[in-house]
Amino acid sequence: MLRKASIPAGTIALSGVLVSSFASPAFADSPADQGTEQLTRWVAMGDSFQSGVGAGEYDEESGDCQRSPLSHVRLLNSDGTIPGELDFVACSGARIDDLYAGRHGEAPQLDALDGDGANVSHVSVGIGGNDLDFADNLRDCIVYGWPWASCESRFDENVDAAFQELLDQDANGLNSFQRLYTDIRTATGEGDTQLLAVTYPKFFPVDGGSDWTSIPTQSRCQGIRVSDQLWINNWVNRLNTAVSESAESVGAVPLDLYQASDGHELCNSDGNDPYLNGIQLNSDAFHPTEFGYARNAEAISAQLASVTPQPVPLRAAPVAALPEPPTAAVDHTQDGAQVTFDGSGSVPGDGDIVSYLWEFDDGQLVEGAEVEHTYEPGTYYVTLTVIDSFEEMGFSEPVKVVVE
């Protein structure tokens, strides 16, 4: 179930756009029930979150694409959830364009549908994260983190520009995801192929991981403040919304993995088995662990079991606009070591502000529109995250506080 049911205003206007002339349902009765030939092949496309980066034991023949037998793709195939011949072509670092052009010396992933597309029972595709340069932004956010500047203030403009580019319409009125899904449907013909669009997991707990301070000797989660963790989660969720709504608009089925990491995120408070690898000096960093891919397989299996047949529309359904997020604003007054912070000047977006989360930069987090805090001597950088009724977030610039 989507946590947000929309995409930023003004980016998509699909009403009346022709997407597919297929009249067959996306999830029809089994071919055996219809007296037709059994479909026997699953083509698994996408990026590193599909190929299994982070789980290890990569197939030697997959080279830099790093396909792992421990990925959820292989797990779902071996346990019979999606049976038949597996054509596993997902590749580390892939962007949407790479599905058409190829990557790491391999043929385009869409070529796996050439000539025998009508015999494909399933196509799964998980893509989009690299189109936002999310790995590079996450790395720079952590490795080059500055206590006086948030990741949101440094990288949000670039991520948003890449996001808008993904949602730009082509001459047929389709965004990048819709165009890809439509091309896959064209290649598989008018059969009963089930087209599955896989989303991404959240990285950190919903209220952030271990308390962060700008003092290196104190506890920090992956080297970044809680508000930056929430900014990362927020962009993962926005991307997932674009994937899910674009898929549904053309009759594909979204498989939501955002909550597959629940209770096992980076720096989860209970110390549970990690869903994700943390900072590492290789490509495994910030990718699911072997445990994480097993969780993905469980989540996908459960969702497939509850899927009901949906007709493939002749025209794309209109896609709603993402609610306007709130804007965080901080006012503060200081009396020696005691500081009063006021976030009531924050501006709501389309939803009501329901939470004010203050990060005091000394290891403490507090909620409230107006709060007081007493500091030990030192220099601190305080941030406010506001969350509204649509779960959209707004982030303040770090506010410098000096206590003599």
Quiz item: Picking from T241, L255, L239, L257, what satisfies side-chain contact (heavy atoms from CB on, under 4.5 Å) with T199?
Solution: L257
Self-check item: For the student: nearest non-hydrogen atoms of T193 and V120, plus distance
Solution: OG1-O, 2.6 Å
Quiz item: Any sub-3.5 Å donor-acceptor pair from Q303's side-chain atoms to D256's backbone N or O?
Solution: yes
Exercise. Using modelled atom types only, decide if a donor and an acceptor are shared between the side chain of D59 and the backbone of E61 within a distance under 3.5 Å.
Key: no
Quiz item: Any idea which heavy atoms bring L132 and L166 closest together, and the distance?
Solution: CD2-CD1, 3.9 Å
Self-check item: Distance, nearest 0.5 Å, that separates CD of E372 from NE2 of H332
Solution: 13.5 Å
Exercise. Please test V236 against F204 for side chain to side chain contact (heavy atoms under 4.5 Å, CB included), starting from the C-alpha separation and ending with a verdict.
Key: CA-CA 11 Å; V236 171; F204 299 97; over 6 Å; no
Exercise. Any chance you could lay out the side chain to side chain contact (heavy atoms under 4.5 Å, CB included) test for L196 and I82, step after step, and finish with the verdict?
Key: CA-CA 11 Å; L196 311 172; I82 304 181; 4.1 Å; yes
Quiz item: Could you walk me through whether K400 and T379 pass the side chain to side chain contact (heavy atoms under 4.5 Å, CB included) check?
Solution: CA-CA 7 Å; K400 185 178 181 179; T379 299; 3.8 Å; yes
Quiz item: Heavy atoms, side chains only, cut-off 4.5 Å: are S261 and R295 in contact?
Solution: no
Quiz item: ring pair (Phe, Tyr, Trp, His ring centres under 6.0 Å) with H264: which residues, sequence neighbours excluded?
Solution: F291
Exercise. With the side chain counted from C-beta on, respond yes when V123 and M45 share a heavy-atom pair under 4.5 Å apart, and no when they do not.
Key: yes
Quiz item: Distance-only, no hydrogens or angles: does the D352 side chain make a donor-acceptor pair with backbone N or O of S389 under 3.5 Å?
Solution: no
Quiz item: Quick one: does D362's side chain have a donor or acceptor within less than 3.5 Å of a partner on Y380's backbone?
Solution: no
Quiz prompt | Whether D170 side chain and G173 backbone form a donor-acceptor pair below 3.5 Å | solution = yes
Exercise. Determine yes or no for a side-chain-to-main-chain donor-acceptor pair under 3.5 angstrom, with D342 supplying the side chain and E370 the backbone.
Key: no
Quiz item: What pair of heavy atoms forms the shortest contact from A294 to L75, and how long is it?
Solution: CA-CD1, 3.8 Å
Quiz item: What are the two closest non-hydrogen atoms of S124 and V198, and how far apart are they?
Solution: CB-CG2, 4.5 Å
Self-check item: Residue pair D350 / E392, side-chain heavy-atom distance below 4.5 Å
Solution: no
Quiz item: Is there side-chain contact between V250 and F177, with at least one heavy-atom pair below 4.5 Å?
Solution: no
Self-check item: Check: S51 side chain, Q66 main-chain N or O, donor-acceptor pair, under 3.5 Å
Solution: yes
Quiz item: If you measure from CG on L86 to CG on N77, what distance do you get to the nearest 0.5 Å?
Solution: 4.5 Å
Quiz item: Are D160 and W235 linked by a side-chain donor-acceptor pair shorter than 3.5 Å?
Solution: no
Quiz item: In terms of ring plane angle, is the pair F203 and F286 parallel, tilted or perpendicular, where the classes change at 30° and 60°?
Solution: parallel
Quiz item: With a 4.5 Å limit on heavy-atom distance, are the side chains of D133 and V159 in contact?
Solution: no
Practice problem: Identify whether the distance between the nearest side-chain nitrogen and carboxylate oxygen of R103 and D97 falls below 4.0 Å. | Solution: no
Quiz item: Can you name the residues that form a side chain to side chain contact (heavy atoms under 4.5 Å, CB included) with T374, not counting sequence neighbours?
Solution: A337, Q338
Quiz prompt | Donor-acceptor pair between N119 and T40 side chains, under 3.5 angstrom | solution = yes
Exercise. Measure the acute angle between the ring planes of F360 and W358, then classify it against the limits of 30° and 60° as parallel, tilted or perpendicular.
Key: parallel
Self-check item: Check: S71/S68 side-chain N/O donor and acceptor closer than 3.5 Å
Solution: no
Self-check item: Side-chain H-bond candidate by donor/acceptor type, N175 with S246, under 3.5 Å
Solution: yes
Practice problem: Locate the shortest heavy-atom distance separating P69 from E57; write the atom from each residue and the value. | Solution: CD-O, 2.9 Å
Quiz item: Which residues pass the side-chain hydrogen bond (donor to acceptor under 3.5 Å, both in side chains) test with E165, sequence neighbours left out?
Solution: none
Quiz prompt | Steps toward side chain to side chain contact (heavy atoms under 4.5 Å, CB included) verdict (V253, Q194) | solution = CA-CA 8 Å; V253 176; Q194 299 178 356; over 6 Å; no
Quiz item: Taking NZ, NE, NH1 and NH2 as the nitrogens, is one of them in E106 or R67 under 4.0 Å from a carboxylate oxygen of the other?
Solution: yes
Practice problem: Grab the two heavy atoms, one from V89 and one from A112, that are nearest each other, plus how far apart they are. | Solution: CG1-CB, 4.2 Å
Quiz prompt | Pair listing, disulfide bond (SG atoms under 2.5 Å apart) test, anchored in residues 77-115, at least two apart | solution = C65-C91
Quiz item: Do the side chain of E359 and the main chain of R225 share a donor and acceptor less than 3.5 angstrom apart?
Solution: no
Exercise. Kindly write out the residues that satisfy side-chain hydrogen bond (donor to acceptor under 3.5 Å, both in side chains) with D79, not counting sequence neighbours, or none if the list is empty.
Key: T81
Practice problem: Answer yes or no: is there a side-chain heavy-atom contact under 4.5 Å between L76 and S301? | Solution: yes
Quiz prompt | L384 side chain reached by F341 side chain, heavy atoms, under 4.5 Å | solution = no
Quiz prompt | Separation of E265 CD from Q229 CD (nearest 0.5 Å) | solution = 10.5 Å
Practice problem: Nearest 0.5 Å please: distance from the CZ atom of F395 over to the CG atom of L230. | Solution: 6.0 Å
Practice problem: Could you tell me whether the side chain of D273 reaches within less than 4.5 Å of the side chain of T289, counting heavy atoms only? | Solution: no
Quiz prompt | Donor-acceptor contact present, side-chain S355 to main-chain V386, <3.5 Å | solution = no
Exercise. First locate atom OG of S48, then atom CG of D64, and finally report the distance between them rounded to the nearest 0.5 Å.
Key: 12.5 Å
Quiz item: With sequence neighbours left out, which residue pairs that include part of residues 59-113 fulfil the ring pair (Phe, Tyr, Trp, His ring centres under 6.0 Å) condition?
Solution: H72-Y293
Practice problem: Consider only side-chain N and O atoms of D262 and Y275, and report whether a donor and an acceptor are under 3.5 Å apart. | Solution: no
Quiz item: Just how far is it from atom CG of N233 to atom CG of D228, taken to the nearest 0.5 Å?
Solution: 11.5 Å
Practice problem: Measure from the side-chain N and O atoms of R95 to the backbone N and O of N130, and report whether any donor-acceptor pair falls under 3.5 Å. | Solution: yes
